[in-house]
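Working notes for the structure below.
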Amino acid sequence: MAKPLILAIDTSCDETAAAITQGQMILSNVVASQAQLHQKYGGVFPTVAKQAHQANIEPTVEEALKRAGKTWKDIDAVAVTRGPGLAPALEIGIEYAQQLAKQHNKPLIPVNHIEGHVLSVLSQPQPRAGKFEAIKPQLPALAIIVSGGHTEFDLVKEIGSYEKLGATVDDAAGECLDKVGRLLGLGYPAGPIVEKLAKQGDHDRFKFPLPMTDVKTFDMSFSGLKTHSKRLIKDLETNNQLDKQTITDFCAALQEGVFTHLIYKLEKLLAEISIKELWLGGGVAANVTLRTKLRKIAKTNNLTFRFPYTNKLTGDNAAMIGVVAGYKLEKNPDFQAENLDRLPRWSIAS
Ligand code: KG4
Ligand code: ZN
């Protein structure tokens, strides 16, 4: 039997996203980015995000249906991100999804945004020809989610059953790159620009501290790297040394500092647990240097390494929300949520 066709919505942060999915298959994945709107604030401004979601949600959903070549007659269920995320932003997606589900008489499926990033590695494009072959992961797996809002290690015991083994206690890794990038005048979000510059820079020119080595947990902390950067940049500015090459070298050193910390904790964790696969998701998963480092670690540990097949699935998107909803419907075909409240701090493990 064909898997249900899902219309999914995500408005957890600064992207208004809608997608059509069927199991692991992505039929369309539309993202209306607000990055330009938030550029002048150097970060996401919640009330601005809410207004933009309000303006973009309807055309984004229409576009997702159009690109998939589907109409409401074809859709079996509506899925929406319930949390974690910015409360005013989540509210717009939830209200609109509820309204659509009611109007078209479809079940409504609430999804955890982090679970979306975790299962984004199982997404696949529609095959041009031939039969669709689903990915059948070997579990347990360890999912590393690295984004602008989250940095965590999640054990995937089964699809739908997770344990958070470690997480940042303050800033997320992407947030650290964005905030330091702003100090360097790189624009928002700075993560991709830091990566580009880092390729040409000398990471040995600046030394970054390795945080939390005296703490036995697998938690991380990126705010110290930010404070350290602030101090260094101020000194460079005072001495009139913040030239182009210095910024380039700084990006290389910062990126190295952030990834070294993440990998230090990851390797400690891998020594303690027994898993079969290593997964990488979230906006920072677009970073090729990070992928290369993790691929190597996966190989050494005899683990299958997975990350999303396109960068449209690393950053926030609704296709990953649809994939989660597909699994939920498969487990419980009568799933139906009532009165959805947003859950801005919803953990994947609860
Ligand atoms: O998953 P995402 O779109 O939003 C959140 O849920 O936070 O992640 C956005 C984050 C931003 O911090 C952005 O700078 C970072 O991902 N990012 C990158 C790269 N592309 C996006 N960081 C490093 N290298 C990249 N290529
Ligand atoms: Zn995200």
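One-based numbering, in listed order, for ligands and for the atoms of each. A quick note: this is a predicted structure, and the numbers were derived from the prediction, not measured.
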**Request:** Output the list of atoms in ligand 1 that are nearer than 4.0 Å to some heavy atom of H113, sorted by atom number.
**Result:** 6 (O)

**Asked** Is the side chain of N56 donor-acceptor paired with the backbone N or O of A32 at a distance under 3.5 Å, no angle test?
**Response** no

**Request:** State the atoms of ligand 1, each with its element, that fall below the 4.0 Å cut-off from a heavy-atom position in P189.
**Result:** 13 (C), 14 (O)

**Test: K268 and E272 ion pair at under 4.0 Å** = no

**Request:** Looking only at N, O or S atoms, find the one in D316 nearest to the Zn ion (ligand 2) and name it.
**Result:** OD1

**Item:** Numbered atoms of ligand 1 (with element) below 4.0 Å of G148, judged on heavy atoms
**Value:** 5 (C), 7 (O), 8 (O), 9 (C), 10 (C), 12 (O)

**Asked** N/O/S atom of C13 under 2.8 Å from the Zn ion (ligand 2), yes or no?
**Response** no

**Asked** Salt-bridged, E256 to K207, with N to O below 4.0 Å?
**Response** no

**Message:** Report whether any nitrogen, oxygen or sulfur of H113 sits less than 2.8 Å from the Zn ion (ligand 2) (N, O or S, backbone or side chain).
**Reply:** yes

**Asked** Which ligand 1 atoms does G149 reach within 4.0 Å, using its non-hydrogen atoms?
**Response** 5 (C), 7 (O)

**Message:** So if I count the atoms of ligand 1 from 1 in the order they appear, which ones are less than 4.0 Å from some heavy atom of L177?
**Reply:** 22 (N), 23 (C)

**Request:** Could you list the atoms of ligand 1 found under 4.0 angstrom from a heavy atom of G174?
**Result:** 12 (O)

**Prompt:** Under 3.5 Å, side chain of D202 to main-chain N/O of D249, donor-acceptor pair present?
**Reply:** no

**Message:** Distance alone, cut at 3.5 Å: any donor-acceptor contact between the side chains of Q124 and Q24?
**Reply:** yes

**Item:** NZ/NE/NH1/NH2 to OD/OE distance under 4.0 Å, D171 and K226
**Value:** yes

